[in-house]
Protein chains: 4
Amino acid sequence: MRKSDPIAVQLADARKNQILDAATQVFADRGFHAATIKDIAQQAGVADGTIYLYFKTKADLFVGILDRLNETERRAVDLSAAVPTEADFREFFATYMRKRLSLLEENLRTFQAVIPELLQNRELRERYLTEILEPSFRIAVPLIGKRLQPALKRKVSVELAVRTIPSMVLGMLILRMLGDPTVEKSWAELPDLLTTMLFDGFWSQSQRGKKK
Amino acid sequence: MRKSDPIAVQLADARKNQILDAATQVFADRGFHAATIKDIAQQAGVADGTIYLYFKTKADLFVGILDRLNETERRAVDLSAAVPTEADFREFFATYMRKRLSLLEENLRTFQAVIPELLQNRELRERYLTEILEPSFRIAVPLIGKRLQPALKRKVSVELAVRTIPSMVLGMLILRMLGDPTVEKSWAELPDLLTTMLFDGFWSQSQRGKKK
Amino acid sequence: MRKSDPIAVQLADARKNQILDAATQVFADRGFHAATIKDIAQQAGVADGTIYLYFKTKADLFVGILDRLNETERRAVDLSAAVPTEADFREFFATYMRKRLSLLEENLRTFQAVIPELLQNRELRERYLTEILEPSFRIAVPLIGKRLQPALKRKVSVELAVRTIPSMVLGMLILRMLGDPTVEKSWAELPDLLTTMLFDGFWSQSQRGKKK
Amino acid sequence: MRKSDPIAVQLADARKNQILDAATQVFADRGFHAATIKDIAQQAGVADGTIYLYFKTKADLFVGILDRLNETERRAVDLSAAVPTEADFREFFATYMRKRLSLLEENLRTFQAVIPELLQNRELRERYLTEILEPSFRIAVPLIGKRLQPALKRKVSVELAVRTIPSMVLGMLILRMLGDPTVEKSWAELPDLLTTMLFDGFWSQSQRGKKK
DNA sequence: TATGAATGAGGATTCATTCAT
DNA sequence: TATGAATGAATCCTCATTCAT
């Protein structure tokens, strides 16, 4: 088969995805290391050897999952790349949160497969940091910096303040991955919760007034 | 040696801790599964077989780390069990955050060793959920519920709102575990950041007014 | 302590026997290879290291058991070394059987510890063959040869015929070691059974008459 | 390959037998515990891991040998199930002995592999006793009981008398396993020897007359 | 392409033996 | 002498990867 044969390419892509789906499933359930190629082959309904026709090593399977996730991300970002409307920033933020959180939810299994390994593998960690996190912080810092409330601005670096938002999302994701039923059940309410909290504060007035 | 010999017991405890320290280090670096007993033994400066004098299996090493963490937690909680002063709740909250975050920092390697495995192992996940998370939420819900700002209260369940705080902390912890240098450098500023943000809001006034 | 100190020697001998007793017990229960020095030390009520003060290796423990058995044997043989009285050979034989079988019974655990290893270890097998079996056959052949019934003599070599007797005893011992309750219960009747059978035949007359 | 594929099944069976042959050989030479998987794999001409495609554990290899032996036994029994002819019982007995002893000889290595372990393992011992020995005794007792010579019948239980025959065979087997060259060389003469001995007695007339 | 039997390197665990106390 | 903690070689078993079909 020539690589240019479009039908063959599509077939190969389909098979690749079938295998990545299986790998995602199994990695999410057992973790990268505990998962065996046999497990994945069974889940995918193919023979062990077949996997090696599409991925050179087990580690490549993991990279394949990461790549697919990045692809998803890229497509999603394209949509949300609408300019942060000055006029109604609150609405913009809420919309962004909705999109992001539903994207997370759709790819929950993938994150479950990917995050633990990310935390355990120095190389992956570094790649993720420089290739994903830092670029997105570079975009966010100016966007957020100028809208930060003064008291905060005085106290902490914008760099740190920016981290608050992804860290809240990440935190909720982790709680959900840990199996917290409340977070799972109320996932759809999170965008509103986070928006309100960030724009209007968390604690009741009386509590706030106490400050110095 | 009789079990009751106090010197022998102390020696055994010291050796056990020496091995747990090594295991924490190695698990944090490579993850539970990728870590080998040889790695751990080398790190601890003992022979492979010695580890098995103190822990029945590799999995027991992990449980040993969890147990030690719980113990640390227990001691810490005792200190912070001070009543949530009505008078200055903001200060109480800030203090609590300072304590909690510095506890996390002190045990960073331990969390790095423990969390990925927690995310990958269904049994551990469930144990953590029912034994640690749920009880602490049960304590937090009434404490926090009555102080929640009205707009939030209307919109989301207290149960969900409560999750915001640990999820922010957890999120920052994860960012730090991923190696984000900003979070690492500014860890000490987090309590203040989080307090201000929750009590005074995150976005500047102009942005808030825009609501609805 | 000087080797010549008689009290010290006696103490050492007692300790040695205590350890050999334990080893016999454990080897009989689990077999030589499955038995651990820890098992034996526990059974003997001493520390692991102590065993090595009396026996250089685990294999030496086994040899120690064999030696003690040979010693027992030697003492027993001395007693039964009475000349095979021509006059009442039947009684002589019955007596010999009684002695031999009760000797076996007294040392049942020892045999249980020793025989399986004897069957599995080429070197031990050869030593046993040349040092124990062949010498005793050399004694038995002339004794038995001249008393063998003519039909047998014509048919088979005396060498082979001689083997019948130890093989019957050995067979019963094995059945007993296998746990056959009948053999265990009726062990005391065996000398009479074997004597009658060898002197008077096993099958009833009518069956015998059928011959050719 | 589907399990129903007859060619694949045959291949798998052949491989299984090849491995069992090797295991029999090695267990017979060194005993179950001293034998290593490497030894067996080498003897079989396969890699270590291959063995585990056909047997779950080393212990399963042993059970596989036992099963094959039972199968051999079953096939042999079918043949010899001819009714014990009243007319010429002596001939029947001699034939039976010939068959049994040649069966033992053919499977000598297997017995050498199996018996020591049988003697060392309580569970196997008990299984062998209740599943093999006791059933065959239940068959033999009535058959032999009515043909036992009167003097014996008076003296000992039929149950015990019956044990004489297998114990003789077993004894000879053990002597052969110990490497006795006479028993090995003259194995073919044993059926005749045992038949004559049981039907005509062992000792010469003059010796027998001496009784009481 | 697809298969799955075969491979063998690698890792957890055991245990005979040593040695400092 | 006696102890038992420490050692590390040896072994069972797993599983990523290869390759003949």
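In this text, all values refer to a predicted model and were calculated from it rather than measured experimentally. The sequence lines fix the lettering, A, B, ..., with proteins before strands; numbering per chain opens at 1.
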Counting only pairs under 3.5 Å, give me each side-chain donor-acceptor contact of residues 21-34 of chain C, with atom names and distances, residues two or more places apart or in other chains.
| from | atom 1 | to | atom 2 | distance (Å) |
| --- | --- | --- | --- | --- |
| C/D21 | OD1 | C/R68 | NH1 | 3.0 |
| C/D21 | OD1 | C/R68 | NH2 | 2.9 |
| C/T24 | OG1 | C/L20 | O | 2.7 |
| C/Q25 | OE1 | C/R109 | NE | 3.0 |
| C/Q25 | OE1 | C/R109 | NH2 | 2.9 |
| C/D29 | OD1 | C/R109 | NH2 | 2.5 |
| C/R30 | NE | C/D39 | OD2 | 3.2 |

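Look at CD1 on B/I51: it is 14 Å from C1' on F/dA5, rounded to the nearest Å. One can place OH of D/Y54 at 6 Å from P of E/dA5, the figure rounded to the nearest angstrom. Atom P of nucleotide F/dC15 and atom CD1 of A/I40 are separated by 12 Å, given to the nearest angstrom. Rounded to whole Å, atom C1' of E/dT13 lies 13 Å from atom CG of B/D60.
When the side chain to side chain donor-acceptor pair (under 3.5 Å) test is applied to D/N107, no partner is found at least two apart in sequence or on another chain.
Counting only residues at least two apart or on different chains, the salt bridge (Lys or Arg N to Asp or Glu O under 4.0 Å) pairs with a member in residues 40-54 of chain C are C/K38-C/D48.
With pairs defined as Watson-Crick or G-U wobble and both atom distances under 3.5 Å, the stems of at least three pairs that touch DNA chain E come out as E:2-21 with F:2-21.
Among E/dT3, F/dT11, F/dA16, the nucleotide with an atom closest to any side-chain atom of A/V46 is E/dT3.
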Restricting both atoms to N or O, compile the protein contacts to nucleotides 17-21 of chain E shorter than 3.5 Å, with distance only.
| from | atom 1 | to | atom 2 | distance (Å) |
| --- | --- | --- | --- | --- |
| E/dT17 | OP2 | C/Y52 | OH | 3.0 |
| E/dT17 | OP2 | C/K58 | N | 2.9 |

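Each of D/L53 and C/T36 lies near DNA chain E, and the nucleotide nearest D/L53 is the one positioned closer to the 5' end.
Between D/T50 and E/dT7, a side-chain N or O to OP1/OP2 separation shorter than 4.0 Å is present.
Taking a 4.0 Å limit (strictly below) on heavy-atom distances, residues 10-35 of chain B reaches DNA chain F at B/R15.
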